[in-house]
Amino acid sequence: MALAISSTIEPRLLLRRLPRVCLALGGDTADEMMDTAESLARDNPFLEFRLDYLKQPQSALTKIHRFLETHRYVTAIGTCRRAASGGKFKGSVAAQLEVLGKAQAAGCQIVDVEIESALRAKPEAIARLRSCAGLMVSFHDFRGTRHLEETLGKMLKVPADFYKIVGTATTLSDNVAMMKFVQTESDRHPLIGLCMGEQGIISRVLGVRAGSVFTFGAVNADLKTASGQVSAADLHGTYRIDQVDAATRIYGVAGDPIGHSLSPVIMNTALRRENVNAVYLPLHAKTLKDLIHCAREIPLHGLSITMPYKQAILPYLDNTDTHTAKIGACNTVVRGQDGKLYGFNTDIAGIVRPLEQRLAIEGAKVLVLGAGGAARAAVFGLKERGAEVWILNRTSVKAQKLARQAKAHSIPRAGLRKIAFDAIVNATPVGMGNKRECPLQDDEIQARVVFDMVYDPVETHLLQVARAKGIAVIPGIEMFVQQAARQFEIWTGKPAPAGDMLHAVVAALQERAAAQKQPKA
Ligand code: NAP
């Protein structure tokens, strides 16, 4: 094999021209790996070839050589991580270094050697690797984010061009620890610091702002080379990582679980459209204590609060608006310049805004199904606007209690046909998840407007029946957009681009539905 290319770029110069995201390439075969490289290199000129993913790592080297000769704008990292250090390569340290030496000769400008291998190898062998390419010494902790300074101290014994320290976030606060560490040490050493795991997304997006030289992105959600890796397309498109700087304000949606939330899509769309220097992240908070610590330390400028914390967050807030106090639930937090946390409830806006576009709320007769958090927002919001409200709930005592609190009526199911309602609002989860379930019988659906808070699927059975009867319908997606729009307004003081937000959510839901229909490989 003619391995003629060796790096002609000084590591110091390399550092200056490196993009913020390195696309990590796995694959079962060398051809698959190279096909992915070929198709994504134009948008991702910084690639990591994970040679340890291949049964025969050396089978890719000639192909990589050819690829790098024809894609001279690409910077490549060659990695062949040993199984003992969390990779897939089962060979010895000597065999690993041999692969990396050849990767370098094939044109990889940087090679990654785990600290475990670097310490076991002869110093001359490591020095040789570094003589014609940048050397990255790496360390991965698959259990937690611990002993960062001590680990770096050990790594610095091996002269290298980059030091990569990767922890695992078991709490949101682990990101705080990682970023503080990177902030302190990156002035003295070229560092890459981030946390793996679903809770590590903060460090993956904000690490570069703290001083990490770059971060890693996945090819897509199904082709990750590390847990919690975000796709490079999302890092660039959704989170706008290339624009994240010291002035970027940080927002997030906190809940448990949070993986399926559409809030990052909708809110980042709005921030980008209105040119707000801010980023909005999904925050998997396993405890509120952890979330609050993170909110103060990062610091976060605002939070969307979702299940199961809408009520539980109240004691942590310094003040709330009257809606939040009345409903007893908060879905929006603002961290003031004084560091205090202020709570709002924008679900009311999410209910009232779409309804008032279809009918005059004052004096309207409205039936609310359910007596949980969303129903409370509907009942209090509609009462405040002068509607007459009836509540029907599976557990009737809860309906009666809410009716007393809000000066509304509770109604038994048998009483439904006695009243001509202007609007019916479904605030139960019945119909969620593409089921054929409906909270009412067909002949009970009598009104001018039917509003279903359920938004996945977009067209629920309730809405289908109502539409067939010629009744105006409001899909839950409108509530989702309007409550988010109100959050956006509270945080930024700007009118929200509701049309763009709606398009973004519809597209995301369609994508999700299409992915669910795909047969699993
Ligand atoms: P919640 O506090 O848990 O309340 C759920 C309510 O639904 C309770 O009154 C419960 O009755 C009733 N319910 C649950 N399962 C039922 C069933 N199988 N049959 C009849 N009634 C049932 O939930 P929430 O936060 O109010 O949310 C309610 C729905 O609104 C969810 O589907 C949520 O996704 C949706 N939502 C949508 C938006 C949006 O932006 N579109 C925003 C907020 C909420 P019991 O009292 O008898 O348990």
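The figures that follow rest on heavy atoms only: side chains count, while hydrogens, waters and symmetry mates do not. Indexing begins at 1, ligand by ligand and atom by atom, following the structure's order. Count residues from 1 along the sequence.
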Indicate whether atom 44 (C) of ligand 1 is within a distance of less than 4.0 angstrom of some protein heavy atom. yes
Nearest neighbour in protein (non-hydrogen) for atom 47 (O) of ligand 1: Thr395 OG1, 2.4 Å
When you measure from atom 15 (N) of ligand 1 to each heavy atom in Arg394, Glu437, Lys398, which option holds the nearest one? Arg394
If we set the cut-off at 4.0 Å for heavy atoms, which region of Met432 has an atom near ligand 1: side chain, backbone, both, or neither? side chain
With respect to atom 46 (O) of ligand 1, which of Asn331, Leu262, Asn393 exhibits the smallest heavy-atom separation? Asn393
Closest heavy-atom contact between Leu47 and Cys22? C-SG, 3.7 Å
Does ligand 1 come near enough to Val454 that some N or O of the ligand is less than 3.5 Å from an N or O of the residue? no
Flag yes if more than 12 heavy atoms outside Lys340 fall under 6.0 Å of its NZ atom; otherwise flag no. no
Distance-only side-chain donor-acceptor flag, Ser173 / Glu297, under 3.5 Å: no
Measuring from atom CZ of Phe421 to atom CH2 of Trp390, what distance do you get when rounded to the nearest 0.5 angstrom? 6.0 Å
Arg413 and Glu444 ion-paired at < 4.0 Å: yes
For atom 28 (C) of ligand 1, find the nearest protein heavy atom and state the residue, atom name and distance (0.1 Å precision). Ala427 O, 3.3 Å
Strictly by modelled atom types, are Gln229 and Thr225 linked by a side-chain donor-acceptor pair under 3.5 Å? yes
Could you check atom 23 (O) of ligand 1 against the protein and tell me its nearest heavy-atom contact, residue, atom and distance included? Gly373 N, 4.6 Å
What I want to check is whether the side chains of Asn175 and Ser203 have a donor and an acceptor closer together than 3.5 Å. yes
Return yes if a side-chain donor-acceptor contact under 3.5 Å exists between Gln483 and Arg353, otherwise no. no
Output the list of atoms in ligand 1 that are nearer than 4.0 Å to some heavy atom of Gly476, sorted by atom number. 41 (N)
Is any side-chain heavy atom of Asp35 closer than 4.5 Å to a side-chain heavy atom of Met33? no
Residue part near ligand 1, for Met479, under 4.0 Å between non-hydrogen atoms: both
Around atom 4 (O) of ligand 1, find the nearest protein heavy atom and jot down its residue, atom name and distance. Gly372 CA, 3.4 Å
Is a donor from one side chain sitting under 3.5 angstrom from an acceptor on the other, for Tyr280 and Thr238? no
Near Phe480, which atoms of ligand 1 are under 4.0 Å from a heavy atom of that residue? 39 (C), 40 (O), 41 (N)
Give the atom numbers and elements of ligand 1 that come within less than 4.0 Å of a heavy atom of Gly370. 9 (O)
Give yes if a backbone or side-chain nitrogen or oxygen of Ala374 is under 3.5 Å from a nitrogen or oxygen of ligand 1, and no if not. yes
Ligand 1 contact by Gly350, heavy-atom criterion under 4.0 angstrom: no
Contacting atoms of ligand 1, where contact means under 4.0 angstrom from a heavy atom of Ala371: 9 (O)
Do Ile477 and ligand 1 have an N or O pair less than 3.5 Å apart? no
Looking only at N/O atoms, are Met453 and ligand 1 under 3.5 Å apart anywhere? yes
Residue part near ligand 1, for Tyr455, under 4.0 Å between non-hydrogen atoms: side chain
So do the side chains of Arg240 and Arg272 get within less than 4.5 Å of each other, counting heavy atoms only? yes
Gln483 N/O under 3.5 Å from ligand 1 N/O: no
Ala484, Gly431, Pro429, Pro475: member with heavy atom nearest to atom 7 (O) of ligand 1: Pro429
Does ligand 1 have a heavy atom under 4.0 Å from the side chain of Val430, from its backbone, from both, or from neither? side chain
Scan side-chain atoms only and decide if Asn345 and Asp321 contain a donor-acceptor pair under the 3.5 Å cut-off. no
Contact region, Pro439 to ligand 1, non-hydrogen atoms below 4.0 Å, reads neither
Would a 4.5 Å heavy-atom cut-off, applied to side chains only, mark Tyr239 and Val230 as touching? yes
Quick one: look at Thr428 and ligand 1, take heavy-atom pairs under 4.0 Å, and tell me if it's side chain, backbone, both or neither. both
Residues Lys365 and Asp422 bridged, charged N to O under 4.0 Å: no
Can you see whether His284 engages Gln199 through a side-chain donor-acceptor pair at a distance of less than 3.5 angstrom? no
Can you check whether a protein heavy atom sits less than 4.0 angstrom from atom 2 (O) of ligand 1? yes
